[in-house]
Amino acid sequence: MNKKEKKEKLPLLILILSCVVYAPTSILINLVCSLTLNEKLLQAWANLIIFAISFIIGLFLYFLFHVSANNPIINYSATIYTIISFIINTFVFIIEDGKVWTKYSIILILCYSLIIALTIRYLKIKSYLIKSLIYYALSLASFLILTVVIAGYNTGNLVMIFIGSFTIFYVISSVTYFYVKRSFASYENEEKAYKRQFD
């Protein structure tokens, strides 16, 4: 990565480093709280404060000590964990029901993040459709464990509603990601071709 590319990706590099600091810190603090505060975990605002502190630490590590997160597995898993935990924290804050945010949820999210990180790193399949189906199966299984098994939302038609809603959301997200990624790839190819003409 040259200096120009590194400068362009600097915000992303710092965010990833912040996630690498945040993930183990929040997991440890939440698990300690769960064991000492009668199964209670930190609320969304507390986790947000931890992330803000992690971001500041990330800035110090990057600019003062030139530390960068270079392990792809750690980067992916920490980033995925951070994103999912924030989504769940926001959901819990909105509906005021902490059933989906427990120590078992944390362990599930951590395992899911590691599995997806390993899959991203080592699953060498060119077909976007096949990869999407694999991610869909892993994500749906984890989602159902979280909502149906851990949170106990299994009455009536809730399971079918969860499967249907998750599938619709996943399809929309996958299609959007595919076209956005293709647009960026086309733009980068055009930029490279343009530069070659004048080199």
Side chain to side chain contact (heavy atoms under 4.5 Å, CB included) between Phe91 and Ile95, worked out: CA-CA 6 Å; Phe91 175 76; Ile95 69 168; 3.2 Å; yes
From [atom1] ([X]) to [atom2] ([Y]), nearest 0.5 Å:
X      : Y      : atom1 : atom2 : value
Ser173 : Tyr135 : OG    : OH    : 15.0 Å
Ile80  : Ile115 : CD1   : CD1   : 10.5 Å
Leu140 : Ile145 : CG    : CD1   : 10.0 Å
Ile134 : Ser127 : CD1   : OG    : 9.0 Å
Asn70  : Ile16  : CG    : CD1   : 10.5 Å
Ile116 : Thr79  : CD1   : OG1   : 13.5 Å

Do side-chain atoms of [X] reach the backbone of [Y] as a donor and acceptor pair under 3.5 angstrom?
X     : Y     : value
Ser85 : Thr82 : yes
Ser26 : Ala23 : yes
Ser34 : Asn30 : no
Tyr62 : Ile14 : no
Tyr81 : Tyr22 : no
Asn71 : Ile74 : yes

Phe51 and Phe86: aromatic ring centres closer than 6.0 Å? yes
[X]-[Y] co-clustered via ILVMFWY side chain contacts under 4.5 Å:
X      : Y      : result
Ile27  : Leu37  : no
Leu133 : Ile130 : no
Tyr136 : Ile168 : no
Val32  : Ile29  : no
Leu13  : Ile56  : yes

Heavy-atom check, side chain of [X] versus side chain of [Y], under 4.5 Å:
X      : Y      : answer
Tyr170 : Ser132 : yes
Asp97  : Val92  : no
Leu144 : Val149 : no
Ile88  : Leu146 : yes
Leu17  : Asn75  : no
Leu15  : Phe55  : yes

Closest heavy-atom pair and its distance - [X], [Y]:
X      : Y      : answer
Val159 : Asn154 : CG2-CA, 4.3 Å
Thr167 : Ile163 : OG1-O, 2.7 Å
Ser77  : Ser113 : O-CB, 3.4 Å
Cys19  : Pro24  : O-CD, 4.4 Å
Trp101 : Leu42  : NE1-O, 3.1 Å
Lys103 : Leu41  : N-CD1, 3.8 Å

Return yes when atom [atom1] of [X] has more than 12 non-hydrogen atoms of other residues, nucleotides or ligands closer than 6.0 Å, and no otherwise.
X      : atom1 : result
Tyr104 : OH    : no
Tyr128 : OH    : yes
Phe166 : CZ    : yes

Could you go through Phe162 and Asn157, starting from their C-alpha distance and side-chain angles, then the distance that decides it, and tell me whether this counts as side chain to side chain contact (heavy atoms under 4.5 Å, CB included)? CA-CA 9 Å; Phe162 283 146; Asn157 297 321; over 6 Å; no
Can a donor-acceptor pair be found between the side chains of Tyr112 and Ser139 at a distance below 3.5 Å? yes
Does a donor on one side chain and an acceptor on the other come within less than 3.5 Å for Thr102 and Ser105? yes
Across all chains, not counting sequence neighbours, the salt bridge (charged side-chain N to carboxylate O under 4.0 Å, His left out) partners of Lys99 are none
Could you give me the CA-CA distance, side-chain angles and deciding distance for Val100 and Ile150, then say whether side chain to side chain contact (heavy atoms under 4.5 Å, CB included) is met? CA-CA 7 Å; Val100 295; Ile150 295 175; over 6 Å; no
